[in-house]
J.: 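Okay, handing you the structure first.
Atoms considered below: every heavy atom in the structure, side chains included; atoms not considered: hydrogens, waters and symmetry mates.
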Amino acid sequence: MSVFKSGSWIGSYNINEKQSHLTLVLNFNNGKIQGNGTCDTLGYVGVTGRFTNSSPYETELLIESFKFSTTLEFKGYRESQFKGVFGTWKAKKDGNTTINLTGGNFSIKPDANNDGKQTDDWSKDYAKLKKKKALTEMGFEESLVEKAIEKCLTQEEALEWLMNHVEDNNNNETQTTRSTNNNNDDSKLKEEDIQQLMDLGVDRDQVIEALKCCNYNVELAANMLF
């Protein structure tokens with residue numbers, strides 16, 4: 001059994017001589033920490049980390065902001081009065097934020113007024129942000145990704161929907177624009193990628209069309225072809 005309580009946690013950390021508040025939902029299990037939440041300065045965040053179940057009960061949290069592509073590292077120890085955690089933080093990955101991330105102190109504790117169920121609106125929004133980030137990084141257009149997320153329950157279903165609609169989306173573009181883009185993007189085609197897919201038994205023209213539809217991503221093109 002973990003000495004740390006899974007559920008809702010609240011706290012703050014010092015940044016630029018001010019306090020920034022955290023609202024988190026954390027799960028402590030087998031020495032690992034997972035969760036998500038919100039932060040005054042960083043917006044929606046994802047949380048991963050580790051903890052020890054024996055004195056001095058060390059904890060390490062990595063808090064990742066999707067808005068700023070920034071990751072903060074929190075290291076601390078369990079305190080006895082509120083059964084929370086206190087320690088120091090620093091920027092592990094400084095993304096595109098203009099916030100001064102010089103580090104400082106932090107403290108978090110279980111929220112006695114919340115049962116920890118992830119029913120808040122921010123939890124739902126966080127899940128959408130996580131799926132949107134993963135799918136756009138695959139090369140799909142943001143507007144199409146948003147449609148897929150609205151129509152599908154899971155990320156896997158959204159990916160399948162995107163694969164089925166990416167060609168339709170391209171067809172909605174004007175013929176002139178599509179022709180111009182295809183001509184300009186031929187330089188992105190890699191012969192090794194074409195050959196890799198042709199080795200699977202697909203015609204060269206089909207391979208090239210699939211690569212263009214999938215923003216030259218070989219894995220997505222393979223999924224589209226098969």
J.: Please work out whether the ring planes of W9 and F4 are parallel, tilted or perpendicular, with thresholds of 30° and 60°.
T.: tilted

J.: Determine whether a donor-acceptor pair (N or O, by modelled atom type, separation under 3.5 Å) exists between the side chain of T38 and the backbone of G43.
T.: no

J.: Counting heavy atoms not belonging to N30, are there more than 12 under 6.0 Å from its CG?
T.: no

J.: Got a sec, which residues hit side-chain contact (heavy atoms from CB on, under 4.5 Å) with Q34, two or more places apart in sequence or on another chain?
T.: none

J.: Calculate, to the nearest 0.5 Å, the distance between atoms CG and CG belonging to L211 and D193 respectively.
T.: 6.0 Å

J.: Search all heavy atoms of L22 against all heavy atoms of F74 and return the closest pair with its distance.
T.: CD1-CE2, 4.3 Å

J.: For the pair N53 (side chain) and V3 (backbone), establish whether a donor and an acceptor sit closer than 3.5 Å, ignoring hydrogens and angles.
T.: yes

J.: Could I get the full list of side-chain contact (heavy atoms from CB on, under 4.5 Å) partners for T88, not counting sequence neighbours?
T.: N105

J.: Is the distance from the ring center of Y57 to that of Y77 below 6.0 Å?
T.: no

J.: Listed by chain and number, what are the salt bridge (Lys or Arg N to Asp or Glu O under 4.0 Å) partners of E160, not counting sequence neighbours?
T.: none

J.: Is K83 close to K5 at the side-chain level, that is, under 4.5 Å between some pair of heavy atoms?
T.: no

J.: Hey, would you say the F140 and W161 ring centroids sit under 6.0 Å apart?
T.: no

J.: State the NZ-CD distance between K75 and E60, to the nearest 0.5 angstrom.
T.: 4.5 Å

J.: Is the F86 to F106 ring centre distance short of 6.0 Å?
T.: no

J.: Shortest non-hydrogen contact from L162 to A148?
T.: CG-CB, 3.7 Å

J.: Might you work through the side chain to side chain contact (heavy atoms under 4.5 Å, CB included) test for E64 and T70, ending with a clear yes or no?
T.: CA-CA 6 Å; E64 178 185 5; T70 297; over 6 Å; no

J.: With sequence neighbours left out, what residues match E142 under salt bridge (Lys or Arg N to Asp or Glu O under 4.0 Å)?
T.: K132

J.: Give, for atom CG of N36 and atom CG of L26, the distance between the pair rounded to the nearest 0.5 Å.
T.: 8.5 Å

J.: Nearest 0.5 angstrom please: E209 CD to R204 CZ, how far?
T.: 14.0 Å

J.: Is there a side-chain contact between T48 and I33, using heavy atoms and a 4.5 Å cut-off?
T.: no

J.: Under a 4.5 Å side-chain heavy-atom rule over Ile, Leu, Val, Met, Phe, Trp and Tyr, are L135 and M163 clustered together?
T.: yes

J.: Looking only at heavy atoms, what is the nearest atom pair of S20 and D40, with distance?
T.: OG-CB, 3.3 Å

J.: With L72 as reference, evaluate I15, L61, L62, L42 under the side chain to side chain contact (heavy atoms under 4.5 Å, CB included) test and give the passing residue.
T.: L42

J.: With rounding to the nearest 0.5 angstrom, report the CD1 to NE2 distance, I108 to H21.
T.: 14.0 Å

J.: Are V47 and L24 packed together at the side-chain level, in the sense that at least one heavy-atom pair is separated by less than 4.5 angstrom?
T.: yes

J.: Once salt bridge (Lys or Arg N to Asp or Glu O under 4.0 Å) is applied, do any residues pair with E79, and if so which ones, sequence neighbours excluded?
T.: none

J.: Please enumerate all residues that pass salt bridge (Lys or Arg N to Asp or Glu O under 4.0 Å) together with K109, with sequence neighbours excluded.
T.: none

J.: If you round to the nearest 0.5 Å, how far is CD1 of I63 from OG1 of T71?
T.: 10.0 Å

J.: Ignoring hydrogens and geometry beyond distance, is a side-chain donor-acceptor pair present between T41 and Y13 at under 3.5 Å?
T.: yes

